[in-house]
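Contents: one structure, followed by commentary.
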Amino acid sequence: MPTAWQTFPVEFRGGLVTNMSPLQQGLNAPGSARELRNFEPSIEGGYRRVQGYNKYNETFAPTLGSPKVQGGSQTGTTLNLANVFIAPVVGDTFTIDGDVTEYTVDVVDSYSSTNKTLIATISPTLASTPADQADITFSNNTNLIRGITYFGSEVIVVRDSAFWSNDTSGSWTLISKPNYGTSLVNGGSQTGGTLAVDGLRGTPYAGDTFTIAGVAKVYTVTAEASVNDDEEATLTITPDLDTSPSDNAAITWLQSDRTTSNKVRFARHNLVGTPTIVFVDGANYPVKYDRTTFKVLNEGPVDLIGSSFVENFKNQLFFANGSNLLFTAPYTDTDFTAAAGAGTINVGATVTGLITYREQLIIFTRRSIFRLTGNTLADFQLQPITLDIGCVVEDSVQEIGGDVMFLGPDGLRLLSATDRIGDFNLGTASKPIQNVMTSFISEHTTFASCVIRKKSQYRIFGYAPSVSKSSARGILGTQFADQTSQGMAWARLRGIKVYAVDSFFDDDEEELIVFANDSGYVYRMESGFSFDGDSIRATFSTPHLSLNDPRLRKTVYKLTTYVDPRGSVSGTASVKLDFDQPNTPEPAPVTFSNGATSAASFYGDADYGVATYGGKLVNIFSNQVVGAGRAVSIQFTFNGTDPDFSLDAMTLEFATNDRQ
């Protein structure tokens with residue numbers, strides 16, 4: 001005879017687990033998840049649906065830099081441009097300052113990456129003759145933002161070789177303009193492809209562009225200049241001077257050449273009393289910016305060219321270029337002389353990551369990890385942590401909860417210190433989702449990561465140009481116990497396409513997470529209840545629960561779900577029976593919502609003066625479900641723009657049938 005109804009309670013905790021058999025998981029980890037997508041294991045308990053993201057600024061970062069018309073008196077369907085650091089492609093559209101017509105590039109007739117000039121056939125015919133040096137604005141919006149950071153109350157992005165800054169509104173400002181002081185033409189009657197200049201407070205670099213007061217066209221420096229002690233130099237330029245400039249004619253520097261196809265990385269510092277950020281791009285000299293001056297560090301050694309990583313350690317900047325670590329003298333970001341304390345260290349393999357951790361610099365390669373201790377050149381010591389394991393993916397290294405997370409060959413690992421001085425743990429944190437991580441690594445070649453400190457959470461995103469926003473994937477892990485790889489709980493992310501990301505505290509000490517991809521826009525993560533207007537599809541599937549005895553059939557009658565809402569909640573719950581085997585009959589999904597049954601009203605949905613505010617939210621949902629089987633799993637699905645909420649626990653009420 002059937003027994004009386006019984007209650008089986010389940011507390012939701014443990015996160016995504018894929019390294020157990022279905023029966024093992026149901027018996028040993030009933031609160032874990034066999035699928036957990038766009039939910040996060042919460043330090044407050046349960047599984048919370050992830051927050052959304054929206055545009056940080058409604059204006060996309062300019063694409064193709066800041067080209068200008070090269071020469072006056074142009075008519076017809078051919079247009080000469082200068083200050084072009086990235087060539088457009090056929091089909092790109094643009095406007096010309098002073099002309100509202102939108103033009104299309106039909107043919108790229110010629111482009112010189114050295115001279116930064118372009119000749120294009122366009123349509124329609126020029127509506128009027130554009131002014132010499134008139135600004136060109138391209139409206140196509142598909143090129144990658146290769147770097148992003150928050151600095152000095154503004155977001156800085158790197159796109160198409162140009163650095164731009166902006167806040168939450170308004171237009172973007174080009175900041176990658178050389179600052180060589182008050183540069184003036186040194187002498188009259190100059191002609192040809194050279195130009196004598198004085199007043200130089202820096203060294204002009206090949207690829208720098210500029211204009212001359214009273215002279216037509218834009219000019220490009222073609223070779224690094226040699227500046228004497230009197231701040232004078234003769235620049236080699238292209239094209240030849242259109243006319244002879246006046247003595248002391250002002251020179252306006254337009255843009256520095258930062259052409260790269262690599263990801264741009266950075267480090268903040270305040271070594272000389274001014275907040276400064278230093279950028280590296282794997283192709284050029286590093287640059288620094290202090291919100292006033294953009295300076296190329298081309299007065300340093302040539303080995304700086306192509307640096308891929310930079311880190312501030314012991315008040316010195318460390319640059320990683322291949323297997324070399326180049327570092328500045330203490331308390332400076334420009335002095336690379338050995339006499340002042342600068343130097344170079346070779347670690348024997350290509351560096352894949354740098355991070356300062358507990359008074360030491362941790363240096364990752366693909367097959368090894370080193371630590372650098374000491375304070376200056378006199379006592380720096382390079383010691384191996386391991387020669388068997390390394391970081392195989394750049395941009396996966398982050399500090400979380402006093403440990404360092406990185407992506408190794410077998411998944412995400414935590415590097416944590418032990419009680420023994422100089423000793424480290426290197427446990428694999430992602431073992432519960434080993435197959436998920438293996439697939440994630442194999443499907444992507446580019447990654448980005450960040451931490452959300454208030455949630456003790458690490459996130460890593462895979463990027464592929466051909467993957468749509470809705471299909472973009474990521475992995476998140478919440479740390480519940482410090483200094484242990486077993487203290488992580490995992491989940492999947494879907495619908496957040498990230499190429500570059502930065503998390504930092506803004507001027508109001510609020511954590512800000514900004515990211516970008518190939519859309520041209522900057523987005524703010526952990527903001528809003530949608531994915532930039534799209535619904536957030538979130539799924540949680542419980543393990544297959546045997547309800548005490550895996551060989552006895554049970555009839556499930558009632559599901560009660562305990563939720564921690566912050567607003568309206570609506571979703572469905574589906575019953576999966578007998579390990580979801582083929583041809584297993586299943587009850588129809590049930591729906592639950594507190595929108596119609598709650599006495600509370602929600603901002604944005606309710607009518608002022610009619611709705612009741614201050615009511616309590618319904619947070620317990622009971623649904624009749626009827627299904628029979630030896631094991632049962634509940635699949636919760638949500639697809640909307642409700643405020644984030646937590647699934648805390650559930651109970652199943654069932655009766656046990658006779659043994660067959």
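For the 3.5 Å distance criterion, the side chains of N54 and S527 qualify, holding a donor opposite an acceptor. A donor-acceptor contact under 3.5 angstrom links the side chains of S519 and N517, judged on distance only. No side-chain donor-acceptor contact under 3.5 Å links R146 and T260. A side-chain N or O of S468 and one of S470 form a donor-acceptor pair less than 3.5 Å apart. There is a side-chain donor-acceptor pair under 3.5 Å between T356 and E311. For T18 and N435, the side-chain atoms include at least one donor-acceptor pair closer than 3.5 Å.
No more than 12 heavy atoms of other residues, nucleotides or ligands lie within 6.0 Å of OH in Y331, so this atom counts as exposed by the packing criterion. Annotation: Q434, atom CD; neighbour count of heavy atoms from other residues, nucleotides and ligands within 6.0 Å is above 12. In the displayed structure, R34 atom CZ is contacted under 6.0 Å by more than 12 heavy atoms of other residues, nucleotides or ligands.
Take K55 and apply the salt bridge (Lys or Arg N to Asp or Glu O under 4.0 Å) test, not counting sequence neighbours, and it matches D532. D410 pairs by the salt bridge (Lys or Arg N to Asp or Glu O under 4.0 Å) definition with R413, not counting sequence neighbours. Listed by chain and number, the residues in a side chain to side chain donor-acceptor pair (under 3.5 Å) with T539 amount to none (sequence neighbours excluded).
Under 4.0 Å is where a charged nitrogen must lie from a carboxylate oxygen, and between R268 and D502 at least one such pair does. Of the charged side-chain nitrogens involved, none lies within less than 4.0 Å of a carboxylate oxygen, so that D642 and R49 do not count as a salt-bridged pair. Note on K576 versus E35: no salt bridge recorded, every NZ/NE/NH1/NH2 to OD/OE distance being 4.0 Å or above. Ionic pairing of D518 and K497 is present here: one or more N-O contacts between side-chain nitrogen and carboxylate oxygen are shorter than 4.0 angstrom. Using a 4.0 Å cut-off between charged side-chain N and carboxylate O, D281 and R258 make a salt bridge.
Using cut-offs of 30° and 60° for the angle between ring planes, the Y47 and F12 rings count as parallel.
N321 places no side-chain N or O within 3.5 Å of a backbone atom of N324 that could act as its donor or acceptor partner. Distance alone, capped at 3.5 Å, is enough to place a donor-acceptor pair between the S633 side chain and the T542 backbone.
Note that CZ of F515 is 9.5 Å distant from CZ of R459, once rounded to the nearest 0.5 Å.
For the pairing with K455, the salt bridge (charged side-chain N to carboxylate O under 4.0 Å, His left out) check across E526, E44, E511 returns one residue only, E526. Partner of F447 under the ring-ring contact (aromatic ring centres under 6.0 Å, His included) criterion, chosen from F440, Y499, Y463: F440.
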Could you go step by step and tell me if D395 and K263 meet the salt bridge (charged side-chain N to carboxylate O under 4.0 Å, His left out) rule? CA-CA 9 Å; D395 305 301; K263 185 169 288 189; 3.7 Å; yes
Quick one, F279 with F151, criterion ring-ring contact (aromatic ring centres under 6.0 Å, His included). Give me CA distance, side-chain angles, the key distance, then yes/no. CA-CA 12 Å; F279 296 92; F151 178 70; 8.1 Å; no
Evaluate the side-chain hydrogen bond (donor to acceptor under 3.5 Å, both in side chains) criterion for residues Q25 and S32: first the C-alpha distance (whole Å), next the side-chain angles of each, then the deciding distance (0.1 Å), finally the verdict. CA-CA 8 Å; Q25 186 176 358; S32 66; 3.0 Å; yes
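A cation-pi contact, defined as under 6.0 Å to the ring centre and within 45° of the axis, links R265 to F309.
Counting heavy atoms from C-beta on, the side chains of M650 and F636 come closer than 4.5 Å.
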